[in-house]
Amino acid sequence: RVLPNKLRPESYGTLGGFAQINSKDVVGLTSSHVIRQDVDAYVKNGDTMIKLGKCTLVFVPGPESLADFALIDVDEQLKERCRKPLVDDENEPKNAIIYCGELDQICPAIVHKNGATTGMTQGTIVQSLNYREFLGDRETHSVLLVEDLGENKFSEPGDSGSLVFQNSLSASQSSIEVLAIITGRYKEHGVKEESRYIMCSDMKHICENLEERGIRLQFFENDDSTGN
């Protein structure tokens, strides 16, 4: 869990993972509606609240993009502890890359996320043609939808900020591919029933915007990746 206020532990989101930017700075990843820019971020370790760092950059949904993303600059004394690779759906450390292909080419791929509320769950990517009509081009280039799988919900409140990934299709399966970061359950206009869709910000789109600002994001390598 990541919290913007250590005095309100009931208000939390998910720390999606750690990465490095420009091969040096260690950052935590979450959503901008979880933590605002220039706000300190806390994580819970047992019964203790630890200051992780400060949110230094956000992408807030707006007229040109629905990307919902935040970078937390990890405090100096915690950086070495946070140089951790991402984990797969079996909680095994893996190398990770941003998926840069066309999402419609892998539909209906099964994807996973590990959230602070619901833990590890899986869902299926929805083909963009199915939601382009009610989202429009602005949204379909910056977000994607993941559908609940069966009766199990892919995400619940508190899971915002979770990274959405698929296992590598390579024979070794030594890596995972990160597709998106969770925003929250999609609210269909004029529909009272709860949607089966989770809106997620496309990580390829986010990384392209970061690179325009001179920021290159990379996940930490799994030192044991040669063994699997």
Side-chain angles (χ1 to χ4, degrees), residues 1-6 8-20 26-37 39-46 48-61 66-75 78 81-94 96 98-99 111-123 125 143-149 152-166 176-186 197-203 206-207 217 219-220:
R1 296 184 179 190
V2 60
L3 305 96
N5 187 336
K6 64 180 179 180
R8 295 183 58 200
E10 74 283 357
S11 178
Y12 67 90
T14 296
L15 181 66
F18 296 103
Q20 58 183 346
V26 181
V27 294
L29 311 180
T30 189
S31 296
S32 63
H33 73 272
V34 171
I35 188 162
R36 300 187 305 275
Q37 188 159 351
V39 171
D40 290 336
Y42 296 85
V43 290
K44 195 171 183 181
N45 184 15
T48 305
M49 291 289 183
I50 299 174
K51 181 179 173 244
L52 177 65
K54 178 170 285 190
C55 178
T56 55
L57 183 147
V58 296
F59 291 156
V60 179
L66 279 185
D68 181 355
F69 178 74
L71 283 181
I72 299 166
D73 189 7
V74 174
D75 282 353
L78 295 177
R81 291 173 58 185
C82 296
R83 292 181 178 275
K84 297 179 178 179
L86 301 183
V87 298
D88 64 10
D89 58 313
E90 296 182 351
N91 212 35
E92 292 293 328
K94 291 291 175 71
I98 303 296
Y99 177 76
V111 292
H112 311 270
K113 76 98 188 69
N114 190 8
T117 298
T118 56
M120 193 70 73
T121 60
Q122 58 183 14
I125 295 178
V143 302
L144 59 98
L145 297 185
V146 175
E147 186 175 8
D148 295 336
L149 195 58
N152 299 316
K153 292 185 177 180
F154 184 63
S155 174
E156 292 274 30
D159 289 332
S160 297
S162 306
L163 293 177
V164 178
F165 65 91
Q166 68 173 355
I176 58 175
E177 296 174 327
V178 178
L179 290 84
I181 188 166
I182 287 183
T183 297
R185 191 161 292 276
Y186 175 69
Y197 302 123
I198 301 298
M199 184 175 287
C200 310
S201 298
D202 188 335
M203 280 299 296
I206 287 170
C207 285
L217 186 144
F219 296 108
F220 293 105

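Quick note: residue numbers are just sequence positions, from 1. Scope of the values below: all heavy atoms of this structure, side chains included, with no hydrogens, waters or symmetry mates.
K94 contributes atom NZ, which lies 11.5 Å from atom CG of L86 (distance to the nearest 0.5 angstrom). Interatomic distance, R81 CZ to L52 CG, rounded to the nearest 0.5 Å: 10.0 Å. Here the CD1-CG distance, from I72 to L15, works out to 6.0 Å after rounding to the nearest 0.5 Å. To the nearest 0.5 Å, atoms CD1 (I181) and OG (S31) are separated by 4.5 Å. Interatomic distance, C200 SG to D202 CG, rounded to the nearest 0.5 Å: 9.5 Å. Residue M199 holds its CE atom at 7.0 Å from OG1 of T183, rounded to the nearest 0.5 Å.
With sequence neighbours excluded, no residue forms a salt bridge (Lys or Arg N to Asp or Glu O under 4.0 Å) with E90. With sequence neighbours left out, the side-chain hydrogen bond (donor to acceptor under 3.5 Å, both in side chains) criterion links D159 to T118. The side chain to side chain contact (heavy atoms under 4.5 Å, CB included) check on V87 picks up N91, with sequence neighbours excluded. Partners of R36 according to the salt bridge (Lys or Arg N to Asp or Glu O under 4.0 Å) rule, which considers only residues two or more places apart in sequence or in another chain, do not exist here. The ring-ring contact (aromatic ring centres under 6.0 Å, His included) search around H112 returns F165, not counting sequence neighbours. Applying the side-chain hydrogen bond (donor to acceptor under 3.5 Å, both in side chains) rule to S32 yields the partners D68; only residues at least two apart in sequence or on another chain are considered. In terms of the side-chain hydrogen bond (donor to acceptor under 3.5 Å, both in side chains) criterion, T30 has no residue partners (sequence neighbours excluded). Residues forming a salt bridge (Lys or Arg N to Asp or Glu O under 4.0 Å) with R8 (at least two apart in sequence, or on another chain): E10. Residues passing the side chain to side chain contact (heavy atoms under 4.5 Å, CB included) test with D73, sequence neighbours excluded: T56, K79. Partners of E147 by side-chain hydrogen bond (donor to acceptor under 3.5 Å, both in side chains), not counting sequence neighbours, listed by chain and number: R196. Contacts of A116 classified as side chain to side chain contact (heavy atoms under 4.5 Å, CB included), with partners at least two apart in sequence or in another chain: R1, Y12, T14. Shown here are the side chain to side chain contact (heavy atoms under 4.5 Å, CB included) partners of K51, two or more places apart in sequence or in another chain: D40, Y42, D75.
Pairing each heavy atom of H33 with each of S160, the nearest pair is NE2-OG, 3.0 Å. Nearest heavy-atom pair across G28 and F18 is CA-CD2, 4.0 Å. When all heavy atoms of I98 and C207 are compared, the closest pair comes out as CG1-SG, 3.8 Å. Taking every heavy atom of both residues into account, P4 and S11 meet most closely at CD-O, 3.7 Å. Residue E177 comes nearest to Y99 through the heavy atom pair OE1-CD1, 3.8 Å, listed as atom of the first residue, atom of the second, then distance. Shortest non-hydrogen contact noted between G16 and L163 is O-CD1, 3.6 Å.
Under a 3.5 Å cut-off, the side chain of T117 and the backbone N or O of P157 do form a donor-acceptor pair. Remark: side-chain polar atoms of R83 are not paired, donor with acceptor, to backbone N or O of V26 under 3.5 angstrom. Within the 3.5 Å criterion, the main-chain N or O of F154 finds a donor-acceptor partner in the side chain of K113.
Put simply, the side chain of L217 reaches to within 4.5 Å of the side chain of L71, judged on heavy atoms.
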Is there a side-chain contact (heavy atoms from CB on, under 4.5 Å) between M49 and L3? Walk through the geometry before answering.
CA-CA 9 Å; M49 291 289 183; L3 305 96; 4.0 Å; yes

Go through the steps to decide whether N114 and D89 satisfy the test side-chain contact (heavy atoms from CB on, under 4.5 Å), and finish with yes or no.
CA-CA 8 Å; N114 190 8; D89 58 313; over 6 Å; no

Worked verdict on L29 versus F219 for side-chain contact (heavy atoms from CB on, under 4.5 Å):
CA-CA 11 Å; L29 311 180; F219 296 108; 3.8 Å; yes

Would S155 and T121 count as a side-chain contact (heavy atoms from CB on, under 4.5 Å) here? Give the steps.
CA-CA 8 Å; S155 174; T121 60; 6.0 Å; no

